[in-house]
Amino acid sequence: MFEDINNSGDGGIHGQVLKNNGFQGTNPGLTAYAAIGNVNISQDTSNPLSTAITSSLKVSVTSGTTGYVGFANTGYNGVPVLETTYANYFWIKGTYSGTITLQLVGSESGIVYASHNITVDSDPTTFTYYETSFRSTESPDGNNEWQLLFDATEVAGSSLNFGLVQLFPPTYHNRYNGLRDDVASFLAEIEPSFLRFPGGNNLEGASPGDRWKWNETIGPVVDRPGREGDWTYPNTDALGLDEYLYWCEDMGMTPILAVWSGLTLGGGIISGSALGPYVDDILNELEYLLGNTSTTYGALRAKNGRVNPWPVSHIEVGNEDNISGGCGTYASRFTQIYEAIHDQYPDITVIASTTSSSCLPATLPSGVWTDIHHYESPNTFVSLFNEWDNWSRDHPIFVGEYASTTGNDGSTTYWSNMQGSCGEAVYMIGLERNSDIVKMASFAPLLEHFDLAEWSPDLFGLDSSPDSITGSTSYYVQKLFSTNRGSTVLPVTSDSAFGPVYWVASVDKSTYYVKLANYGSSEELVTIEIEGTTAGTVQLLSGEELDSNYPHNVTITPQRSDVSGSGSFNVTLPAWAVAVLAVS
Ligand SMILES: *[C@@H]1O[C@H](CO)[C@@H](O)[C@H](O)[C@H]1NC(C)=O
Ligand SMILES: *[C@@H]1O[C@H](CO)[C@@H](O)[C@H](O)[C@H]1NC(C)=O
Ligand SMILES: *[C@@H]1O[C@H](CO)[C@@H](O)[C@H](O)[C@H]1NC(C)=O
Ligand SMILES: *[C@@H]1O[C@H](CO)[C@@H](O)[C@H](O)[C@H]1NC(C)=O
Ligand SMILES: *[C@@H]1O[C@H](CO)[C@@H](O)[C@H](O)[C@H]1NC(C)=O
Ligand SMILES: *[C@@H]1O[C@H](CO)[C@@H](O)[C@H](O)[C@H]1NC(C)=O
Ligand SMILES: *[C@@H]1O[C@H](CO)[C@@H](O)[C@H](O)[C@H]1NC(C)=O
Ligand SMILES: *[C@@H]1O[C@H](CO)[C@@H](O)[C@H](O)[C@H]1NC(C)=O
Ligand SMILES: CC(=O)N[C@H]1CO[C@H](CO)[C@@H](O)[C@@H]1O
């Protein structure tokens with residue numbers, strides 16, 4: 001599940017690492033910029049780069065200045081400076097013919113990790129676009145900045161304007177305007193099946209006008225206005241609708257697209273006939289995604305570089321419509337949107353954003369799924385092990401967000417720890433046992449920039465220093481469960497009841513999987529008998545009850561060992577352990 005929270009998009013998985021490059025959001029000012037040399041810098045609204053990017057950076061040079069001057073951008077609490085090749089894009093306006101030096105420099109050390117010259121010939125009346133790339137060496141830390149320098153002699157007493165500076169380390173699958181390769185690859189290791197996007201609260205907006213608008217996140221980035229996100233920082237929307245879908249395609253995930261349902265975060269609710277134009281907007285979005293290129297929006301998709309329709313088969317109507325005052329009107333809002341989608345696209349699976357029956361239509365149309373979210377203590381997750389055992393089998397379930405967010409004493413969990421991750425594993429075993437109706441489950445939030453986080457814990461995180469990408473203990477639980485999937489859940493007979501050890505067994509072809517969690521403080525020996533099997537592996541994740549993985553200090557990862565036996569295997573589960581036996 002992904003939304004831009006904790007700078008998980010801008011400053012996180014999206015590849016562009018400079019901040020405030022389009023002066024977006026409510027009060028951008030000169031955030032992340034600094035003057036270099038005898039110059040003044042300012043946000044210049046009288047020289048907009050485009051209709052969408054309404055400001056540029058003005059760099060005024062004091063008369064008589066010589067040498068190279070310019071400006072720095074300090075990124076999202078530093079620029080990640082790695083030994084790799086960077087792509088760099090910018091616009092320039094003003095009279096200048098000569099060298100521009102692009103650099104990656106330690107902000108305190110002054111060490112130059114990359115320095116690259118290009119020759120520009122800039123027009124005084126319009127912005128000229130430049131693209132270049134250069135190699136860098138690696139900085140030992142994240143305290144770095146990107147610099148753009150020019151010859152002051154040529155500009156002294158005058159000024160230059162710069163627009164939408166963009167810097168990308170290598171991107172996932174080499175996409176233009178793509179994801180950061182290192183961050184996306186770390187996520188891909190989980191082998192995720194689907195991506196729910198773009199929210200989450202970030203879909204909703206503080207008012208209807210502030211909602212995530214699909215049509216303002218497409219096309220050239222220079223034409224995307226961005227917005228103040230719901231997590232109170234600017235979103236550039238460089239990670240837009242098409243980029244989410246390339247992400248799905250490149251990672252082999254089914255897109256689960258959330259559409260706005262009329263609910264805002266405290267800014268009122270649109271329902272009834274007033275919702276009509278927004279329903280039309282959803283149909284326009286679907287035409288953009290699915291329509292033939294002879295349609296208005298299908299043609300726009302092709303113009304934006306994607307001729308083939310996107311394989312969008314699942315739509316979620318809103319986000320958490322049982323809260324924020326949404327419950328009373330959700331049945332009618334859901335029905336209105338469901339009918340519009342279902343009439344034109346009968347094969348699309350529509351998902352209601354809540355499982356609370358009091359907020360849903362009295363009779364939910366057949367084929368509709370419902371979403372439920374759980375942010376709980378470890379003990380509560382264990383108590384929810386049976387949540388779906390006796391649930392009606394009529395409508396599939398999507399556990400669209402879950403994470404252990406507090407300790408059993410109610411304290412806030414900043415870093416996932418073994419007890420919480422073990423509680424999640426017990427709950428996930430319950431989900432797998434009910435996978436006839438529980439179709440999908442996604443931990444949330446996915447990702448944080450450690451310095452810019454407003455929600456914890458997150459599945460993994462990073463900052464600007466090298467090797468900062470850190471998987472939480474819950475990341476490794478997700479990875480263990482996802483990469484060891486059977487296709488059929490099997491019955492298990494046991495000589496003991498569930499707790500503290502929980503289990504679920506499955507098979508795919510000739511490989512049997514037994515997932516185990518020990519939610520307890522003593523070691524447990526489990527003997528597992530599977531007729532006809534002889535050998536395989538055990539992967540085991542364990543640690544002290546409250547131990548966590550920290551940036552630059554990952555101590556808890558799955559340990560793999562080989563096992564053999566004639567149909568009988570002993571697995572020793574330490575206290576607070578999650579394990580998978582996979583044997584053939
Ligand atoms: C820079 O700002 C200072 C302080 O406001 C001002 O005195 C100076 O004239 C400015 N210089 C240029 C080149 O704009
Ligand atoms: C870049 O240009 C500057 C100014 O002309 C020069 O001093 C510097 O040596 C050049 N750097 C490289 C890497 O060519
Ligand atoms: C996007 O669509 C909305 C209607 O939902 C419209 O008001 C807005 O002008 C559109 N934006 C662009 C850039 O076309
Ligand atoms: C698009 O629609 C037109 C008109 O309905 C049809 O003639 C054409 O074959 C369609 N193209 C594709 C690629 O489906
Ligand atoms: C809304 O649903 C969530 C689960 O998705 C549940 O935890 C919460 O209690 C519900 N709130 C209301 C007011 O129904
Ligand atoms: C589910 O139903 C069975 C049989 O009626 C009952 O024994 C069990 O306690 C129920 N479990 C839950 C979690 O309600
Ligand atoms: C790493 O984390 C462990 C606990 O998980 C802690 O005991 C140890 O001191 C940490 N090491 C460093 C270098 O911070
Ligand atoms: C499993 O452990 C039990 C008890 O220690 C032992 O009797 C048995 O031989 C072991 N089985 C295997 C396959 O190692
Ligand atoms: C709690 C917290 O750290 N919030 C930060 C979230 O990110 C924005 C900027 O991206 C910061 O301004 C907040 O302080």
Side-chain angles (χ1 to χ4, degrees), residues 1 30 35 37-42 44 50-54 57-65 69-71 94 152 155-161 196 200-201 205 208-227 237 240-241 259-260 262-263 270 274-288 296-297 300 303-304 316 318-328 330-331 351-360 369-377 380-381 383-384 387-388 397-403 405 427 438 441-442 444:
M1 185 275 160
L30 286 173
N38 204 4
V39 302
N40 289 348
I41 61 172
S42 58
D44 185 358
S50 65
T51 318
I53 305 294
T54 55
L57 185 76
K58 183 172 186 173
V59 184
S60 310
V61 184
T62 309
S63 301
T65 307
V69 297
F71 65 97
V155 192
S158 178
S159 62
L160 294 173
N161 280 74
R196 170 174 170 240
N201 288 354
D210 298 326
R211 72 194 187 283
W212 185 87
K213 299 189 193 95
W214 71 273
N215 62 334
E216 298 185 353
T217 73
I218 57 172
V221 173
V222 69
D223 295 330
R224 302 183 194 179
R227 60 186 269 268
D237 289 334
L241 181 58
V259 296
W260 196 68
L263 180 67
I270 307 278
L275 191 61
Y278 300 96
V279 178
D280 293 343
D281 190 51
I282 293 170
L283 294 178
N284 291 343
E285 182 177 8
L286 290 180
E287 185 177 288
Y288 181 83
T296 305
Y297 291 103
L300 182 57
K303 179 168 165 253
N304 289 340
E316 178 154 6
N319 172 63
E320 295 181 344
D321 283 86
N322 70 324
I323 57 174
S324 310
C327 183
Y330 188 59
I351 304 169
S353 75
T354 176
T355 297
S356 304
S357 58
S358 60
C359 315
L360 291 169
W369 302 9
T370 66
D371 186 353
I372 192 161
H373 298 171
H374 283 303
Y375 294 106
E376 317 285 1
S377 70
T380 303
F381 273 114
S383 74
L384 289 168
E387 184 176 31
W388 308 107
I397 299 292
F398 172 26
V399 183
E401 298 180 22
Y402 66 97
T405 48
Y427 181 64
V438 181
S442 42

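For the numbers below, each heavy atom of this structure counts, side chains included, while hydrogens, waters and symmetry mates do not. These numbers come from a predicted model, not from an experiment. Start at 1 with the first residue, then count along the sequence. Numbering of ligands and ligand atoms starts at 1, following listing order.
- Checking atom 2 (O) of ligand 1 against the protein gives a heavy-atom contact under 4.0 Å.
- Leu160 CG to Lys58 NZ: the interatomic distance, rounded to the nearest 0.5 Å, is 10.5 Å.
- At a heavy-atom cutoff of 4.0 Å, ligand 1 is contacted by no atom of Val39, backbone or side chain.
- No side-chain N or O of Trp214 forms a donor-acceptor pair with one of Asn284 less than 3.5 Å apart.
- Interface of Thr62 with ligand 1, defined as ligand atoms under 4.0 Å from a residue heavy atom, comprises 13 (C).
- The contact set between ligand 3 and Arg211, taken as ligand atoms under 4.0 Å from a residue heavy atom, comprises 5 (O).
- The Asp281 neighbourhood of ligand 3 comprises atoms 5 (O), with distances under 4.0 Å to a heavy atom of that residue.
- Residue Lys213 places no N or O, backbone or side chain, under 3.5 Å from any N or O of ligand 3.
- In this structure, CD1 on Ile41 lies 5.5 Å from CG on Leu57, to the nearest 0.5 angstrom.
- When side chains are defined from C-beta on, Val39 does not count as touching Thr65, because their heavy atoms never get closer than 4.5 Å.
- Within 4.0 Å of atom 5 (O) of ligand 1, not a single protein heavy atom is present.
- Summary of contacts: the protein heavy atom closest to atom 10 (C) of ligand 3 is Asn215 ND2, 2.4 Å.
- Neither the backbone nor the side chain of Thr355 has any atom closer than 4.0 Å to an atom of ligand 5 (non-hydrogen atoms only).
- Side-chain contact between Tyr330 and Ser356 is absent, with no heavy-atom pair separated by less than 4.5 Å.
- Considering both main-chain and side-chain atoms, His373 comes within under 3.5 Å of ligand 5 through a nitrogen or oxygen pair.
- Comparing Arg224, Glu285, Glu216 against atom 9 (O) of ligand 3, the shortest heavy-atom distance belongs to Glu216.
- A perpendicular orientation is assigned to the rings of Phe381 and His374, their planes being inclined by more than 60° (bins at 30° and 60°).
- A salt bridge links Glu316 to Arg196: one of the charged nitrogens lies within less than 4.0 Å of a carboxylate oxygen.
- Distance check: Met1 CE to Asn319 CG gives 6.5 Å after rounding to the nearest 0.5 Å.
- Any N or O atom pair closer than 3.5 Å counts here, and Asn322 shares at least one such pair with ligand 5.
- Each of the following atoms of ligand 5 lies closer than 4.0 Å to a heavy atom of Ile372: 4 (C), 5 (O).
- Closest to atom 14 (O) of ligand 1, if we only count protein heavy atoms, is Asn40 ND2, 3.3 Å.
- Contact atoms of ligand 1 toward Val61: 13 (C) (distance under 4.0 Å to a heavy atom of the residue).
- Atom NE2 in His373 sits 7.5 Å away from atom OG in Ser353 (nearest 0.5 Å).
- Residue Ser356 has at least one heavy-atom neighbour below 4.0 Å for each of these atoms of ligand 5: 1 (C), 2 (O), 14 (O).
- Between the Glu287 side chain and the Tyr297 main chain, a donor and an acceptor come within less than 3.5 Å of each other.
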